[in-house]
Amino acid sequence: MLSQDSATAQSRSVRVDDTGVRRQLADGSEESVDWADLSAVVVRVIPEGPWNEDVFLMLAAADGTGTAVPSGDPAANALIERLQALPGFDHDKFVEAMTTDADEAYVVWKAGESA
């Protein structure tokens, strides 16, 4: 189950490929979501900046699993590019989320919804 702890856990690596997103955590565990199972994308802003990671890309699967990728991760640019190509992706809400310091969660995409 994707939890708030996912956003604060330290990543060892993040991989974005044609299958989905895999995040290897420092404790050896792995979080993942396949593109075929993706049900929602949320940008979670936590007022921790500017020195700590404060923006996370939360990817949820239909079964409640998923992962949270810090926006500062080296793989984040490739992930954002993939996410922005999703049909119905809310680009305006994404820009708002990425440029705020509000303690909020912004739903930028949901499966089955069009912009």
Side-chain angles (χ1 to χ4, degrees):
M1 185 62 95
L2 186 61
S3 69
Q4 182 64 31
D5 291 340
S6 177
T8 58
Q10 294 295 311
S11 296
R12 182 177 296 156
S13 67
V14 175
R15 188 175 77 241
V16 179
D17 59 27
D18 289 339
T19 304
V21 180
R22 308 268 176 278
R23 179 178 176 210
Q24 185 77 34
L25 302 178
D27 68 3
S29 63
E30 182 179 273
E31 298 176 341
S32 65
V33 64
D34 289 342
W35 297 122
D37 299 330
L38 187 64
S39 65
V41 177
V42 176
V43 178
R44 179 67 174 107
V45 180
I46 303 168
E48 294 288 330
W51 309 116
N52 294 320
E53 187 65 55
D54 60 350
V55 178
F56 297 86
L57 305 166
M58 312 280 287
L59 309 175
D63 66 1
T65 62
T67 188
V69 177
S71 66
D73 189 277
N77 286 343
L79 175 58
I80 290 169
E81 190 174 309
R82 281 298 281 258
L83 296 175
Q84 289 179 323
L86 292 169
F89 186 87
D90 190 333
H91 297 278
D92 292 336
K93 192 171 279 191
F94 178 77
V95 169
E96 179 184 350
M98 297 300 283
T99 57
T100 187
D101 59 1
D103 187 0
E104 283 191 50
Y106 297 83
V107 178
V108 296
W109 183 82
K110 280 186 134 178
E113 292 187 10
S114 298

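All heavy atoms count here, side chains included; hydrogens, waters and symmetry mates do not.
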key: Step-by-step side-chain contact (heavy atoms from CB on, under 4.5 Å) determination, Trp109 to Leu38   = CA-CA 10 Å; Trp109 183 82; Leu38 187 64; 3.6 Å; yes

For the [atom1] atom of [X] and the [atom2] atom of [Y], what is their distance to the nearest 0.5 Å?
X	Y	atom1	atom2	result
Ser71	Arg44	OG	CZ	13.0 Å
Asp27	Arg12	CG	CZ	8.0 Å
Asp54	Asp103	CG	CG	10.5 Å

Compare all side-chain heavy atoms of [X] with those of [Y] and state whether any distance is below 4.5 angstrom.
X	Y	result
Val42	Phe56	no
Val21	Leu79	yes
Leu57	Val43	yes
Ile80	Gln84	yes

message = Under 4.0 Å between a side-chain nitrogen and a carboxylate oxygen: does that hold for Arg82 and Asp18?
response =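 Salt bridge flag = yes for Asp18 with Arg82.
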
ask   = Under a 4.0 Å N-O cut-off, is there an ion pair linking Arg22 with Asp34?
value =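 Yes.
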
For residues [X] and [Y], report the shortest heavy-atom separation together with the two atoms involved.
X	Y	result
Gly66	Val33	CA-CB, 4.3 Å
Arg15	Asp17	NE-OD2, 3.3 Å
Leu83	Phe89	O-CD1, 3.1 Å

request  = Please answer whether the main-chain N or O of Val95 pairs with a side-chain N or O of Thr99 as donor and acceptor at a distance below 3.5 Å.
outcome  =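 Yes; judged by distance alone, with no hydrogens or angles, the pair exists.
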
ask   = Donor-acceptor pair, Ser39 side chain versus Ala111 backbone, under 3.5 Å?
value =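 No, because the side chain of Ser39 does not come within donor-acceptor range (under 3.5 Å) of the backbone of Ala111.
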
